[in-house]
2 protein chains.
Amino acid sequence: MRKFKVPEVTIFRLSLYLRCLSELEEEGVEVISSAELGQRCGINPAQIRKDLAYFGEFGTRGVGYYVKDLKEDIKRIMGLDKEWEVALVGVGNLGRALLSYQGFKRHGFKISVAFDKVVDEERLSAMPEGCTLYHADKMVEVIRERKIKLAIIAVHFSEAQKVADVLVEAGIKGILNFAPVRLNVPKDVVVRHIDLGVELEMLTFFLSARIGK
Amino acid sequence: MRKFKVPEVTIFRLSLYLRCLSELEEEGVEVISSAELGQRCGINPAQIRKDLAYFGEFGTRGVGYYVKDLKEDIKRIMGLDKEWEVALVGVGNLGRALLSYQGFKRHGFKISVAFDKVVDEERLSAMPEGCTLYHADKMVEVIRERKIKLAIIAVHFSEAQKVADVLVEAGIKGILNFAPVRLNVPKDVVVRHIDLGVELEMLTFFLSARIGK
DNA sequence: CTTTTATTGTGAATGTACACACAATAAGTA
DNA sequence: TACTTATTGTGTGTACATTCACAATAAAAG
Ligand SMILES: NC(=O)c1ccc[n+]([C@@H]2O[C@H](COP(=O)([O-])OP(=O)(O)OC[C@H]3O[C@@H](n4cnc5c(N)ncnc54)[C@H](O)[C@@H]3O)[C@@H](O)[C@H]2O)c1
Ligand SMILES: NC(=O)c1ccc[n+]([C@@H]2O[C@H](COP(=O)([O-])OP(=O)(O)OC[C@H]3O[C@@H](n4cnc5c(N)ncnc54)[C@H](O)[C@@H]3O)[C@@H](O)[C@H]2O)c1
């Protein structure tokens, strides 16, 4: 599909461009130059053009980019031209917050199944419309059956690797992991870590360096 | 303080090394080579040595690094040799999950005050021991009084920039932002964004690219 | 149809990060 | 003390990412 290797930061930025384009569309802007777009999302215009160039030519010289078209193009590039079902594992404090998060929908994601090793009234009552809670034993069966490819891990860190292994067995290909552990998975499975400890520590580094300077 | 510019990824990795060293210490390992440490956290040994070299010489040639010492050194480098108080703004679904998160303590962070524009029984009952909930109007006053420098933003995205402005006024120097908005702050304030939408979209890109290939 | 204008797409230059490979050196051993 | 061994700290080359700068070109104006 792709001819050349695309840097990971480029994908990250495409996602930013997409959000920005959605906002522009809502504001009724129809055409935008890389210069203006760059201003809005704090990125060098040449960078934007280079990023897009990995995937083709989307602009019109002398004019700029048609907001609606570029948005559709980036969505297609990122595989966002369809809805993605997501499986959530771990319906604890964090899991319940994620279940109630409305932001996923806007991006085209839907948590349609959740798993926990405890299935009680407290957890069942946290399930929103259109999402079913299963016991963790059902993971492989349900995920295979529904052909779900994306999962979120929100269990205690001591369980995270075990859960990841089961998810891989069930055919999951992308994992968003909130547990503070680097997961070990086959290389056809992509993992992204969200690590609050690390993020806060990076903040204190910059603060200390600044104050100490 | 620092002579040369340190890359951001280096800081990120220091935090990983730190976690790994804590684990090693618990396992009773006293000395470790960059080769072994690299193996454990999936990073090239030369990279580890380069990262450390930004800040001095911590190892012993022919031997390796003393786990306890290196851990203390990295903690000091990152400003983690003291406890940091953190202010949380927004005690909604996400905010409550964060309040109940035990992981912060291990890193030396403590959410000691929380703010919301709604102060009701539901939110008050979510406050753990040692953390007080105030009305959002009190932000500047309380944060100044307690000299808090770190804050977490967990309010609706439409409120995030306003909240950030108030936090800056109150003297906050580091912000962890969960709202899907790029915050505008003075350049002596550091912001880290946690953006679930972007993370999930990056996953779908890699999945689509792989499936389409 | 030709000229002007604006803005893309991209080669080349610069800057940054990574990995290799080895000299420097500390500790252990004879 | 001299020799051996292990492993760090770092100079150097390579790969990757960003920015600059401009030729290519589409649309608008004359
Ligand atoms: N709470 C937060 O704000 C927060 C923030 C960042 C990271 N995290 C991380 O997210 C993870 C979850 O945090 P939490 O606060 O929700 O914890 P929690 O203890 O409230 O919830 C964990 C849930 O996972 C379930 N579980 C445990 N093992 C399981 C298994 N093998 N299979 C299925 N379900 C299982 C438990 O029954 C529980 O419902 C932890 O690793 C934590 O470090 C939490
Ligand atoms: N819920 C999640 O799992 C999740 C995940 C990722 C990101 N986010 C983001 O985190 C933010 C919070 O999400 P949530 O689900 O907790 O929303 P929420 O609506 O449950 O909570 C928001 C809270 O902020 C308070 N608030 C609003 N404006 C305020 C202000 N100006 N000052 C003080 N308090 C204010 C509200 O009273 C409410 O208690 C959102 O921006 C969301 O996009 C949430």
Side-chain angles (χ1 to χ4, degrees), chain A residues 2-17 20-21 24 29-74 77 202 205-206 209, chain B residues 2-17 20-21 24 29-74 77 202 205-206 209:
Chain A
R2 289 176 286 128
K3 260 209 197 105
F4 304 103
K5 210 176 118 290
V6 180
E8 194 166 305
V9 268
T10 289
I11 311 309
F12 171 81
R13 285 190 299 254
L14 283 182
S15 185
L16 293 188
Y17 305 154
C20 206
L21 289 165
L24 286 164
V29 179
E30 297 193 343
V31 180
I32 193 156
S33 67
S34 59
E36 274 180 278
L37 186 59
Q39 194 111 67
R40 277 184 82 121
C41 48
I43 284 165
N44 183 303
Q47 186 73 75
I48 297 180
R49 299 199 296 274
K50 265 275 156 72
D51 285 339
L52 295 174
Y54 283 109
F55 303 97
E57 303 197 358
F58 304 99
T60 309
R61 295 176 190 213
V63 177
Y65 301 90
Y66 291 95
V67 172
K68 195 168 174 315
D69 294 352
L70 185 58
K71 188 185 145 194
E72 292 309 313
D73 286 327
I74 295 182
I77 291 166
M202 289 181 72
F205 170 81
F206 291 117
Chain B
R2 288 178 285 127
K3 262 210 195 105
F4 305 103
K5 209 177 119 291
V6 180
E8 195 165 304
V9 268
T10 289
I11 311 309
F12 171 82
R13 284 189 300 255
L14 283 182
S15 186
L16 293 188
Y17 305 154
C20 205
L21 289 166
L24 286 164
V29 179
E30 297 194 343
V31 180
I32 192 155
S33 66
S34 59
E36 275 180 279
L37 186 59
Q39 194 112 66
R40 277 184 83 121
C41 48
I43 284 165
N44 183 302
Q47 186 71 72
I48 297 180
R49 299 198 297 273
K50 265 273 156 73
D51 285 339
L52 294 173
Y54 283 108
F55 304 97
E57 304 195 358
F58 304 100
T60 307
R61 296 175 192 214
V63 178
Y65 301 89
Y66 291 95
V67 172
K68 196 169 174 311
D69 293 352
L70 185 57
K71 187 184 146 197
E72 293 309 314
D73 285 328
I74 296 181
I77 290 166
M202 290 182 71
F205 170 82
F206 291 116

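Here is how names work: the chains are called A, B, and so on, in the same order as the sequence lines, proteins then strands, and each is numbered from 1.
In terms of heavy-atom proximity, B:Val29 sits nearest to B:Val31 at CG1-O, 3.4 Å. Taking both residues in full, the closest heavy atoms of A:Glu8 and B:Phe206 are given as CG-CZ, 4.0 Å, listed atom of the first, atom of the second, then distance. For the pair A:Ile32 and A:Leu24, the tightest heavy-atom approach, listed with the atom from each and the gap, is CD1-CD1, 3.3 Å. Across all non-hydrogen atoms, the minimal contact from A:Ile43 to A:Arg13 is CD1-CD, 3.5 Å.
When each of A:Ile77, A:Ile74, A:Asp69 is tested with A:Phe58 by the rule side chain to side chain contact (heavy atoms under 4.5 Å, CB included), just one qualifies, namely A:Ile77.
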So which protein N/O to nucleotides 14-19 of chain D N/O distances come out below 3.5 Å?
unit_1: D:dT18; atom_1: OP1; unit_2: A:Arg13; atom_2: NH1; d: 3.0
unit_1: D:dT18; atom_1: OP2; unit_2: A:Arg13; atom_2: NH1; d: 3.4
unit_1: D:dT18; atom_1: OP2; unit_2: A:Arg13; atom_2: NH2; d: 2.9
unit_1: D:dT18; atom_1: OP2; unit_2: A:Gln47; atom_2: NE2; d: 3.4
unit_1: D:dT18; atom_1: O5'; unit_2: A:Gln47; atom_2: OE1; d: 3.2
unit_1: D:dT19; atom_1: O4; unit_2: A:Lys50; atom_2: NZ; d: 3.0

Could you list the protein-to-nucleotides 24-30 of chain D atom pairs, N/O on both sides, closer than 3.5 Å?
unit_1: D:dA24; atom_1: N3; unit_2: A:Arg61; atom_2: NH1; d: 3.0

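B:Ile48 CD1 to B:Glu36 CD: the interatomic distance, rounded to the nearest 0.5 Å, is 10.5 Å. Atom CD1 of A:Ile11 sits about 11.5 Å away from atom CG of A:Leu16, to the nearest 0.5 Å.
As a whole-Å value, the separation of B:Leu70 CG from D:dG9 C1' is 14 Å. Atom CZ in B:Phe55 sits about 18 Å away from atom P in D:dT8, given to the nearest Å. Taking atom CG on B:Asp69 and atom C1' on C:dA26, their separation rounds to 16 Å, with Å as the unit. Here the P atom of nucleotide D:dT7 and the CD1 atom of B:Ile48 are 14 Å apart, to the nearest Å. Atom CD1 in B:Ile11 sits about 15 Å away from atom P in C:dT16, given to the nearest Å. The distance from atom CZ of B:Arg49 to atom P of C:dT25 is 16 Å, rounded to the nearest whole Å.
Side-chain atoms of A:Tyr17 and A:Asp51 include a donor-acceptor pair closer than 3.5 Å.
For B:Ser34 and D:dT8, the shortest distance from a side-chain N or O to OP1 or OP2 is below 4.0 Å.
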